[in-house]
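Here the structure is a predicted model, which means the values were calculated and not measured. Here is the naming used below: chain letters follow the sequence lines, and residue numbers restart at 1 for every chain.
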There are 6 protein chains.
Amino acid sequence: MGAIDGSAGEKVIASLAAIAPDLGRFIIEFAFGDIYTRQALDLHTRELVTVAALAAMGNARPQLKVHTHGFLNVGGSREELVELVIHTAPYAGFPRAINAALAVQEVLAERKGGVH
Amino acid sequence: MGAIDGSAGEKVIASLAAIAPDLGRFIIEFAFGDIYTRQALDLHTRELVTVAALAAMGNARPQLKVHTHGFLNVGGSREELVELVIHTAPYAGFPRAINAALAVQEVLAERKGGVH
Amino acid sequence: MGAIDGSAGEKVIASLAAIAPDLGRFIIEFAFGDIYTRQALDLHTRELVTVAALAAMGNARPQLKVHTHGFLNVGGSREELVELVIHTAPYAGFPRAINAALAVQEVLAERKGGVH
Amino acid sequence: MGAIDGSAGEKVIASLAAIAPDLGRFIIEFAFGDIYTRQALDLHTRELVTVAALAAMGNARPQLKVHTHGFLNVGGSREELVELVIHTAPYAGFPRAINAALAVQEVLAERKGGVH
Amino acid sequence: MGAIDGSAGEKVIASLAAIAPDLGRFIIEFAFGDIYTRQALDLHTRELVTVAALAAMGNARPQLKVHTHGFLNVGGSREELVELVIHTAPYAGFPRAINAALAVQEVLAERKGGVH
Amino acid sequence: MGAIDGSAGEKVIASLAAIAPDLGRFIIEFAFGDIYTRQALDLHTRELVTVAALAAMGNARPQLKVHTHGFLNVGGSREELVELVIHTAPYAGFPRAINAALAVQEVLAERKGGVH
């Protein structure tokens with residue numbers, strides 16, 4: 001998980017340490033241990049799919065930001081990221097696409113400021 | 001759109017012809033004319049993102065089936081498709097992943113029976 | 001409620017009679033007794049708002065059909081109804097708009113066949 | 001899982017066997033192996049919570065039916081079940097509560113007919 | 001769009017200018033150019049429908065505020081606005097209605113402070 | 001309502017007093033007057049169900065916090081509360097479970113600081 005979501009992902013697990021450490025453990029074991037290690041999709045595609053799913057669901061802003069970091073950490077480009085968000089507009093509507101675009105913008109600003 | 005979603009996509013537009021033909025026209029003009037023609041993501045990635053978004057939203061079964069056809073029509077594999085659905089489980093929950101997997105299975109059966 | 005949703009609304013209450021009659025009673029008392037009787041919006045506007053909300057939420061097809069009947073019963077036109085559905089597309093996405101359009105089409109067919 | 005959801009749960013895993021057997025395996029390992037075995041909530045409460053969550057989400061009808069069977073299988077009563085659904089109405093709205101009540105009614109009918 | 005959503009709408013497009021200017025362009029071209037210009041519903045009804053849809057979807061607070069401004073800008077009254085939000089409660093549940101009411105209250109305060 | 005949700009619940013009604021007092025009245029009359037007073041589920045179970053439903057819906061953070069206070073006010077334990085949130089993860093996905101866990105943590109901190 002460190003390799004993918006970097007310090008943003010580690011902060012999620014740390015934020016759960018006091019209230020629900022087992023939830024953090026299940027995220028690591030199930031999402032990262034069981035799912036991300038499978039061969040049928042590479043990491044770039046997995047993070048692309050995750051960003052699309054979270055943008056379309058529209059009520060998971062903190063997680064959308066973590067996986068936007070993740071997508072960039074595994075080599076995704078800013079151009080792909082923005083296009084991905086635009087692509088969700090006809091399916092999930094403009095409000096979710098706008099909100100996702102602004103979350104992506106925040107992530108890009110954080111990375112300029114040194115957060116990865 | 002014919003190139004991507006094939007007869008499944010054409011049926012959508014046809015199904016709208018009697019009740020809301022302009023809605024069908026907007027889908028063609030905006031989703032396919034404005035969005036799919038952009039260069040920043042290729043068609044394979046666009047259909048992959050669409051399937052992920054629709055599976056995660058969980059209330060768009062007919063459209064999930066149309067774009068599952070679309071993903072296969074632009075060269076996506078069955079293996080990627082199933083993995084994509086499994087990947088949404090930690091983000092959108094098992095119920096949506098199960099329902100998406102069964103929709104994908106229906107599409108694969110339709111294609112064996114000659115629907116593209 | 002009979003005046004608004006007609007036989008379609010009565011069928012809802014009847015369908016709940018065996019399993020959860022109090023739920024049916026609360027719908028009549030709260031939704032129709034407390035809310036619909038208020039003066040600040042007329043019935044035409046209330047049913048228009050209800051159809052828009054249900055179309056945008058996207059997981060309430062039976063209720064969308066009941067209130068499509070309701071909108072037509074209080075004098076709404078087919079043209080307004082279709083336009084209303086098209087109007088939700090940029091906000092809720094094409095899949096929900098398509099599914100709502102097809103639900104409206106079913107209602108119009110039922111009314112031709114004598115269901116009100 | 002057999003003890004909780006009975007034949008309804010087994011059918012879910014069987015339905016995934018041809019298309020996505022690993023998804024079925026993750027449901028057994030994570031949902032039932034990791035989560036249901038924890039001591040902090042008993043099985044009756046876990047199935048009650050599951051039914052409430054699925055009713056409120058409103059787009060997981062097949063799973064709502066499986067866990068309605070599950071709730072009854074671990075000793076929940078019909079009266080609790082109906083009340084649970086009524087209780088979700090002020091939070092998730094009447095349409096989801098109505099749809100959940102009708103799904104519960106189907107499950108009760110299936111059990112009279114011998115499905116558990 | 002300026003005529004409807006005023007400075008609140010212009011801020012949306014401006015906020016997208018750095019990250020996804022084409023998304024802003026599609027909103028103007030498709031939502032405002034293609035949809036709002038159609039004759040079958042007047043602007044007052046269109047903004048009423050938009051507010052209802054966004055309140056019922058419940059995860060688009062910034063857009064709900066923009067279109068609350070829009071509804072007031074095209075001549076909608078505060079009384080209609082509040083009633084509209086109350087009307088969504090039986091369909092979308094009290095939590096979404098409460099959150100929408102508080103968003104409306106913020107808009108009314110902004111307008112007293114000179115934001116339109 | 002005072003007995004269940006305490007000062008957190010009273011603040012909700014107070015927050016609506018200026019913008020939509022009738023919405024506050026309906027919450028008291030329908031949710032608390034009609035629903036909570038019914039005998040088929042006790043208050044502990046009702047608040048447990050409410051927390052689960054709001055956590056799974058994922059777009060009602062303020063209400064999730066009010067009812068987390070409510071659950072603790074009617075004798076629910078911190079351990080049950082955390083387990084309840086973990087239990088929703090396989091059904092509603094990790095993002096909603098994480099966000100609910102952090103909302104619960106905020107409530108626990110507020111109560112240490114004297115908010116009930």
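Taking 4.5 Å as the limit, every side-chain heavy atom of C/Leu23 sits out of range of all side-chain heavy atoms of D/Val82. Looking at D/Arg78 and C/Ile19, their side chains come closer than 4.5 Å, going by heavy atoms from C-beta outward. When side chains are defined from C-beta on, C/Gln63 counts as touching D/Asn99, because their heavy atoms get closer than 4.5 Å.
Of all the heavy atoms in D/Gln105 and C/Ser15, the pair that sits closest is OE1-O, 3.6 Å.
Residue D/Leu81: no heavy atom, backbone or side chain, is found under 4.5 Å from chain C. Looking at C/Phe26, the atoms closer than 4.5 Å to chain D (heavy atoms on both sides) sit in the backbone and in the side chain alike. Interface remark: C/Leu64 contributes no atoms to any contact with chain D (heavy atom separation under 4.5 Å). Residue C/Val66 does not touch chain D at all, counting heavy-atom pairs closer than 4.5 Å. Residue D/Ala89 touches chain C through its side chain alone, counting heavy-atom pairs closer than 4.5 Å.
More than 12 heavy atoms of other residues, nucleotides or ligands lie within 6.0 Å of CD in D/Glu106, so this atom counts as buried by the packing criterion.
Within the model, atoms CD1 of C/Ile13 and CD1 of D/Ile98 stand 7.0 Å from one another, a figure rounded to the nearest 0.5 Å. Taking CG of C/Asp22 as the reference point, atom CD of D/Glu83 lies at 7.5 Å (rounded to 0.5 Å).
Between chain D and the residues C/Ile27, C/Leu16, C/Val12, the most heavy-atom pairs under 4.5 angstrom are made by C/Ile27.
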